[in-house]
Amino acid sequence: MPELPEVETTCAGIAAHLTGKRIQRVRVYQARLRWPVTAELAAKVEGQHIRQISRRGKYILLAVADGHILIHLGMSGSLRIVRAGEEREKHDHFDLCLDNGTCLRLRDPRRFGAVLWSEQTLSEHPLLKDLGPEPLERNFDGGYLHAKALGRKVSIKEFIMNSHVVVGVGNIYANEALFLAGINPTRQAGRVSGERYAQLVKTIKQVLRQAIKQGGTTLRDFVNSEGKPGYFKQKLKVYDRAGEPCLQCGTTIKLIRQGQRSSFYCPHCQK
DNA sequence: CTTTTGACCTGACAGC
DNA sequence: TGCTGTCAGGTCAAAA
């Protein structure tokens, strides 16, 4: 489900509710997520104040005095702020109960998400330390991508979806950015010019910024922290449009599989 | 080192 | 009304 815009939307929605609040109680209803939710987490954070909410790639980070809670939404996760008494529904696996009668509640049908405790410096955490740059920051530019791609034979689409290359670009936005840049998703990463990488970086930033503005993309079940969907789906040019006409030239949008994921592109506009 | 494949899960939907 | 197979916003770990 959530790519960077959806995680960003979620983060922005929960931040004001959490910042400065004291964690009264951790409730784990289903510990078996991507990794087990540990008893250590509860022991460490109960009674602590949430100092700050931030995001690194698709990880949401809640800072407390001597460590961080790392939350990943996987494919189907969502976070909401609920009243403490609110009835739990199917797939609600985790609550962070605050001292003001509200809870941060994680729902995740597929359980590919994660809730982890980290006492390490974040830049040394095994899941974070090798992550690529943030796509919306200045250090993510055409020169960086072009240099990183040198000698790489993977397709450009799999390349930009690799979080060690750049974080936050998932299947929807990879397809969209490649369309906007006019690049065929099957092209080898190492065989794309610096000029085209500069263009691609622009379209990645553009599509992510627009999606954030629209509150993300809801395909079937993404909801923000208030339970509302995102509206970027209406702006998608190629994703989920196989067999439909290209909005630029009318050619039929093609569907192929790359690395077990669907890719959509216009064979005429993308070379 | 890079690349590919399998694994983890539930739910929705198509086709028989 | 089943049942089976396929697909879905991710990404780690192991194999090649």
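So that the names make sense, note that chain A is the first sequence line, chain B the second, and so on, each numbered from 1.
Arg111(A) has its side chain within reach of Leu33(A): a pair of non-hydrogen atoms, C-beta onward, lies under 4.5 Å apart.
Side-chain N/O atoms of Ser262(A) include one lying less than 4.0 angstrom from OP1 or OP2 on dA8(C). Residue His91(A) has a polar side-chain atom (N or O) positioned under 4.0 Å from OP1 or OP2 of dG11(B). Between Lys90(A) and dG11(B) there is a side-chain N or O to OP1 or OP2 distance below 4.0 Å. The phosphate of dA8(C) has OP1 or OP2 within less than 4.0 Å of a side-chain N or O from Arg257(A). Considering only side-chain N and O atoms, Tyr59(A) lies under 4.0 angstrom from the phosphate OP1 or OP2 of dC12(C). Within the 4.0 Å cut-off from OP1 or OP2 of dT2(B), not a single side-chain nitrogen or oxygen of Lys153(A) is found. For the pair Arg34(A) and dT11(C), the criterion of a side-chain N or O lying under 4.0 Å from OP1 or OP2 is not met. Look at Arg220(A) and you won't find any side-chain N or O under 4.0 angstrom from OP1 or OP2 of dG11(B).
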Chi angles and distances behind the side chain to side chain contact (heavy atoms under 4.5 Å, CB included) call for Glu134(A), Phe140(A): CA-CA 7 Å; Glu134(A) 289 288 331; Phe140(A) 178 63; over 6 Å; no
Full working for side chain to side chain contact (heavy atoms under 4.5 Å, CB included) between Leu70(A) and Ile60(A): CA-CA 6 Å; Leu70(A) 276 60; Ile60(A) 294 167; over 6 Å; no
Leu136(A)/Leu208(A) under side chain to side chain contact (heavy atoms under 4.5 Å, CB included): CA gap, chis, key distance, verdict: CA-CA 8 Å; Leu136(A) 295 177; Leu208(A) 292 177; 4.2 Å; yes
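Within 4.0 Å of Arg111(A), counting heavy atoms only, lie sugar-phosphate atoms of the nucleic acid but no base atom. Leu33(A) comes within 4.0 angstrom of nothing in the nucleic acid, heavy atoms only.
If you take NE2 of His72(A) and P of dC12(C), they are 7 Å apart, rounded to a whole angstrom. As rounded to whole Å, 8 Å separates atom C1' of dA8(C) from atom CZ of Arg261(A). dG10(C) atom P lies 9 Å from atom CD of Glu6(A), rounded to whole Å. Atoms CG (Asn171(A)) and P (dT11(C)) sit 11 Å apart, rounded to a whole Å. Atom-to-atom, NZ of Lys58(A) to P of dC12(C) comes out at 10 Å; the value is rounded to the nearest Å. For the pair Leu128(A) CG and dC12(C) P, the interatomic distance rounds to 10 Å; values are reported in whole Å. Computed from coordinates, the Gln188(A) CD to dT4(B) P distance equals 10 Å when rounded to whole Å. At whole-Å resolution of the value, CG in Asp108(A) and P in dG10(C) are 13 Å apart.
Base-pair partner of dC9(B): not found among the strands shown (Watson-Crick or G-U wobble, both distances under 3.5 Å).
Ring-plane geometry between Tyr59(A) and His72(A) is classed as perpendicular, the angle between the planes exceeding 60 degrees on a 0 to 90 degree scale with a lower cut at 30.
Within the 3.5 Å criterion, the main-chain N or O of Glu124(A) finds no donor-acceptor partner in the side chain of Thr121(A).
Listed nucleotides: dC12(C), dT4(B), dC9(B). Nearest to the side chain of His164(A): dC12(C).
Comparing Arg152(A) and Gln260(A), the nucleotide of DNA chain B nearest to each residue sits closer to the 5' end for Arg152(A).
Remark: the separation of the P atoms in dC3(C) and dC9(B) is 23 Å, to the nearest Å.
You cannot call Phe112(A) stacked on the base of dC9(B); the centres under 5.5 Å and planes under 30° rule is not satisfied.
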